[in-house]
Structure formats: structure tokens, C-alpha cells
2 protein chains.
Amino acid sequence: MTVGTDRDSGTRRRDAAKTRQLLLEVARRRFARDGYAAATVRDIADEAGVNVALINRYFDSKEGLFEACLGYAVEELARAAGDVPRTDIPAAIAQQAAGTTPEGGPNQVLLLLLRSSGDERTEQMRLGVLRRFAERLAATAGWQPDRPDDGQLMLRAQLVLSAAIGVTLLRASGLQPLTYAGERDLVEPLRDLVNGVLRATRPE
Amino acid sequence: MTVGTDRDSGTRRRDAAKTRQLLLEVARRRFARDGYAAATVRDIADEAGVNVALINRYFDSKEGLFEACLGYAVEELARAAGDVPRTDIPAAIAQQAAGTTPEGGPNQVLLLLLRSSGDERTEQMRLGVLRRFAERLAATAGWQPDRPDDGQLMLRAQLVLSAAIGVTLLRASGLQPLTYAGERDLVEPLRDLVNGVLRATRPE
DNA sequence: CCGCTAAGTCAACAGTCGTTTACATCACAT
DNA sequence: ATGTGATGTAAACGACTGTTGACTTAGCGG
């Protein structure tokens with residue numbers, strides 16, 4: 001083998017890229033679930049099964065680790081938004097929301113977008129993603145970047161975004177039946193919500 | 001005067017009830033804005049202009065202070081819900097949301113409902129308020145406690161609650177134009193949202 | 001005026017936080 | 001096989017956390 005000998009085939013006991021990735025996965029879940037301040041680097045390192053010092057080695061600081069998590073969220077959200085055929089927003093929202101469970105399910109991207117570290121630069125990063133996301137939502141209702149907007153469309157788009165984020169949060173809180181509603185249960189009500197907010201004042 | 005002499009008329013330099021109240025007000029704002037973990041007892045005490053030890057004297061612990069804040073939120077929310085004529089939910093939501101500003105405005109009750117201390121008992125308290133709030137919302141759409149619900153109505157009511165909480169959160173994040181939208185700007189879009197979600201499948 | 005209790009302050013405690021430094025160990029090239 | 005840089009570990013640092021006990025002082029009754 002080209003990689004070092006080990007009991008497990010094809011894996012190395014020491015792989016910087018792999019442990020870095022592992023730290024990121026754990027940190028994303030912990031930051032999303034507990035928030036920045038409540039999530040400690042020791043907890044993250046322990047759950048990842050590595051030493052605490054590696055966080056500072058690979059990410060400089062706790063803040064750096066959080067920023068890396070946020071960067072991942074940005075990419076993931078851009079990727080998810082890119083797949084949406086621009087007509088079925090509710091389905092996309094339902095999918096995102098459904099991926100968030102109280103146990104810290106597979107997908108907590110939207111939750112991460114709400115956690116704050118207090119750092120100004122990270123905060124701007126966060127706001128930028130939210131703004132772009134809202135613009136994309138507004139575009140589905142006829143909003144255009146150059147054309148002067150009276151603010152109504154963008155405001156309504158941000159209202160939809162609010163709902164998407166609120167659903168994710170309340171699901172994480174364990175509120176029933178919302179928490180244990182499947183993706184399919186969420187699509188229809190969300191469609192009514194989006195239509196109500198965005199199509200209500202649509203000119204044509 | 002029956003109260004002790006002081007430069008300010010009618011006020012005492014030492015008043016347990018008053019300082020307790022002052023601590024509560026500051027704590028509510030700090031907990032709502034920064035979350036439980038990030039808000040330190042020293043910061044709260046300093047902003048209130050009193051000594052840190054008084055927090056433990058009056059509220060036993062930081063957890064006790066947080067619980068007291070949550071209790072206030074419960075009362076405040078019940079009071080606000082009591083005034084609503086049960087027909088104009090959107091206006092009430094808009095009012096609550098409008099009271100939340102990024103600088104930590106006059107009203108952060110909904111924000112407080114999302115902050116978690118990790119304590120199990122406090123968590124149940126939090127969930128209880130959310131549940132009751134959702135039930136009240138569902139009732140406006142015809143839901144009744146005894147009648148068996150297929151989950152649709154309650155789910156949709158919780159969706160509205162999600163939107164209300166999401167708006168409050170995003171406003172606190174500083175997202176524009178949502179953040180600087182007045183109460184009057186919010187009412188119409190919120191009405192469309194509530195109608196879209198709750199009236200869409202209404203039988204009659 | 002004096003004393004006693006309530007109200008508030010002060011300083012320190014033990015624990016935990018993020019971070020750093022010095023050391024050990026593995027993987028690979030030579 | 002062996003040295004060497006990359007990878008991971010252990011232990012400690014100072015700062016900060018919530019909390020506590022002893023102390024001081026204001027306010028009221030006598």
C-alpha cells in the first residue's frame with residue numbers, strides 16, 4: 001500500500017486531513033446545538049477523540065474553528081440553493097428543516113447561521129449569507145437587484161427566511177408535533193406559507 | 001418621610017426590592033441578547049451597578065436568575081396574549097417582533113424563550129410556554145383541546161409560531177430591511193403569512 | 001443617641017476556560 | 001535501517017467563571 005500499515009485497511013492512524021475533517025464535523029454539531037459560548041474546545045476534542053491542542057494547531061483558535069464551520073455552512077447552503085429549480089422553494093426549506101433533529105441530526109446548517117461568537121468579522125460573514133439567501137428568495141417573487149424595490153418584496157422574502165429558520169430552531173427545541181414531523185408533513189404547510197407571503201401581492 | 005433620607009426625593013439608597021427588579025431587567029436583556037452561557041453574572045451586576053454577590057443573595061444562583069427571567073417572560077406573554085381579541089394574531093406578532101431591536105430594545109420576550117441554560121427543569125418550562133402559545137394559535141384556526149387532531153392544525157400553528165420567533169431573531173441579527181421595519185410595515189406581510197398557513201385548509 | 005438588622009461590599013475560593021510549550025511517536029524518504 | 005519532519009500527547013499557564021463567607025455600612029426602632 002502507499003499508505004502506512006494499519007489494522008484497518010486503507011486507513012492511517014495519523015492523517016492530518018482526516019482528523020481536521022473530524023474536528024470540523026463534531027464542531028459543527030456542537031456549535032449548532034449548544035451555541036458558541038457553551039460549546040467548549042475540550043468537549044469538541046474529546047468527542048472527536050483527539051487532543052485539545054490540535055484545535056489550535058489546525059484552526060489557530062476556537063474562533064478560527066467556528067469560522068471554518070461557518071464557511072462550510074456557506075458552501076453547503078450555496079450548493080443546496082443551486083440545486084433548487086427556483087420554483088420549489090418550500091420543498092427546499094422543508095428538506096433543510098427536516099434535516100435538523102433535537103439529537104443533532106445530519107444537517108444543522110441553518111442553526112449554525114444563527115449562532116454568534118461575538119467576533120465582528122464572523123458576524124458580517126453570517127449577515128452576508130442571510131442577505132444573499134433572502135435575495136435569492138426575493139428573486140423568486142420577481143425581485144431584481146438593480147430595479148428599485150420599495151422594500152416590500154425583500155421584506156417578505158426575509159419573512160419567509162425567518163419562518164425557515166424558526167422552524168429549524170423550534171424543531172431543535174423539541175416542540176411536538178413539529179419536531180417529529182417528517183419532510184413530507186412539512187412541505188404542504190410550508191407551501192401555503194410561502195405562497196401566502198410571496199404571492200399575495202404579486203402583480204401578475 | 002417614611003423612607004430614609006436621600007438626595008433624590010422618595011428614593012432610598014438601599015432598597016432590596018428595587019435592586020432585585022433592576023437586576024432582573026438587566027439580566028433579561030443580557031440573556032436575550034447574548035444567551036445564557038455568554039452572559040456573565042459580573043457583566044449583569046456591573047451594568048446594574050450592584051455587587052455580584054447580590055445575584056446569589058436574591059436568586060440563589062445564575063440559573064435561578066435565568067429562571068426568574070423566564071418566569072417574567074411567561075407572565076408577560078400570557079398578559080400580551082390575553083389582550084389579543086383572538087382575531088388579530090398578526091398584529092400581536094408584529095407588535096412583539098417590533099419590540100425587539102438589535103440594540104436590545106424594550107421587548108425581548110420571544111428571544112428569551114429560545115435561550116437555553118441546559119438545565120432540565122428550565123428547559124421544560126420553556127417548552128411548556130411554547131406549547132401553550134402554539135395551542136392558542138391553533139385555537140384561532142378551529143383547534144380544540146379534546147377533539148382529536150390529525151396534527152395538521154397544531155403543526156400549522158407551530159409553523160406560525162416559528163415565523164414569529166424567526167422574525168424576532170433575524171431582527172436581532174441586524175438583517176435589513178427586516179430589522180428597521182416598523183410595526184406597521186410588518187402587519188400586512190404577517191397577515192398574509194398567517195392567513196396562508198392557517199386559513200388555507202380551513203373547512204368553512 | 002444607640003444598637004440591631006437588613007442591604008451591600010470585598011476578597012478569595014475552587015473549577016473551568018482557551019491557549020501554549022515541551023515532549024513523544026508515527027510515517028515516509030533515503 | 002534510520003533519521004527527520006509531520007502528527008499527536010501531556011501538562012501547565014493565566015485569565016475568567018460562579019459562588020461563598022466575613023466584613024462594612026445604611027436605615028429604622030427603641
Side-chain angles (χ1 to χ4, degrees), chain A residues 1-24 26-27 30-31 34-69 115-119 122, chain B residues 1-24 26-27 30-31 34-69 115-119 122:
Chain A
M1 303 187 248
T2 57
V3 291
T5 58
D6 195 16
R7 284 175 293 273
D8 304 319
S9 62
T11 64
R12 304 195 316 183
R13 297 228 314 262
R14 289 190 168 187
D15 188 333
K18 190 147 289 187
T19 54
R20 211 188 108 104
Q21 191 67 20
L22 184 57
L23 273 175
L24 262 178
V26 174
R30 293 297 266 242
F31 280 142
D34 306 331
Y36 181 81
T40 73
V41 289
R42 281 185 171 84
D43 283 344
I44 295 175
D46 284 354
E47 187 176 326
V50 303
N51 193 276
V52 204
L54 291 188
I55 288 182
N56 294 90
R57 180 195 288 279
Y58 291 139
F59 303 96
D60 286 338
S61 63
K62 182 188 182 183
E63 177 71 36
L65 175 59
F66 182 66
E67 205 168 312
C69 291
R115 304 307 187 186
S116 171
S117 69
D119 180 74
T122 314
Chain B
M1 299 187 251
T2 57
V3 290
T5 59
D6 196 15
R7 285 173 293 271
D8 304 319
S9 62
T11 63
R12 303 194 317 182
R13 297 228 314 261
R14 290 192 166 185
D15 189 333
K18 189 147 289 185
T19 52
R20 212 189 106 104
Q21 191 67 22
L22 184 57
L23 274 174
L24 262 178
V26 174
R30 292 297 266 241
F31 280 142
D34 306 331
Y36 181 81
T40 73
V41 288
R42 280 185 172 84
D43 282 345
I44 294 174
D46 284 353
E47 187 177 327
V50 302
N51 194 275
V52 205
L54 290 187
I55 288 184
N56 293 91
R57 181 193 286 279
Y58 291 139
F59 303 97
D60 287 339
S61 62
K62 180 188 183 182
E63 177 71 34
L65 176 59
F66 181 67
E67 205 168 311
C69 291
R115 305 307 187 185
S116 172
S117 70
D119 180 75
T122 314

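Throughout, a chain's letter reflects where its sequence line sits, starting with A, and its residues are numbered from 1.
Closest of all the heavy-atom pairs between A/A38 and A/D34 is CB-O, 3.2 Å. When every heavy atom of B/I55 is checked against every heavy atom of B/V41, the shortest pair comes out as CD1-O, 3.5 Å.
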Take B/L65 and B/I44 through the test side-chain contact (heavy atoms from CB on, under 4.5 Å) and record every step on the way to the result.
CA-CA 11 Å; B/L65 176 59; B/I44 294 174; 4.1 Å; yes
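Among the atoms of the strands shown, only primed sugar atoms or phosphate atoms (P, OP1, OP2) are found under 4.0 Å from some heavy atom of A/A39. Using a 4.0 Å heavy-atom distance criterion, A/A37 is classed as making no nucleic acid contact.
Remark: the backbone N or O of B/Y58 is paired with a side-chain donor or acceptor of B/R20 at under 3.5 angstrom. Here the side chain of A/N56 pairs a donor or acceptor atom with the backbone of A/D60 at under 3.5 angstrom. Using a distance-only test at 3.5 Å, with no hydrogens or angles considered, a donor-acceptor pair links the side chain of B/D119 to the main chain of B/T122.
As a whole-Å value, the separation of B/D15 CG from C/dG8 P is 8 Å. Rounded to a whole Å, the CZ atom of B/F66 is 16 Å from the C1' atom of D/dG18. What separates CG of B/D43 from P of D/dT17 is a distance of 7 Å, to the nearest Å. To the nearest angstrom, P of C/dG15 lies 14 Å from CZ of A/R42. Atom P of nucleotide D/dT7 and atom CG of A/L22 are separated by 15 Å, given to the nearest angstrom. For the pair A/K62 NZ and C/dT20 P, the computed distance is 15 Å after rounding to whole Å. With rounding to whole Å, B/K18 atom NZ is found 13 Å from D/dG27 atom P. Protein atom CG of A/D46 is 11 Å distant from nucleotide atom P of D/dA10, rounded to whole Å.
Considering only the side chain of B/R14, C/dG8 comes nearest among C/dT19, C/dT25, C/dG8. Among the nucleotides D/dT17, D/dT7, C/dA7, the one closest to the side chain of B/A16 is C/dA7.
Of the residues in residues 48-59 of chain B, B/V50, B/N51, B/A53, B/L54, B/R57, B/Y58 come within less than 4.0 Å of DNA chain C through at least one heavy atom, sorted by number.
Note on ring orientation: taking the six-membered ring where Trp is involved, the planes of B/Y36 and B/F31 are parallel (angle under 30°, cut-offs 30° and 60°).
Put simply, B/T19 has a side-chain N or O that comes within less than 4.0 Å of OP1 or OP2 on C/dG8.
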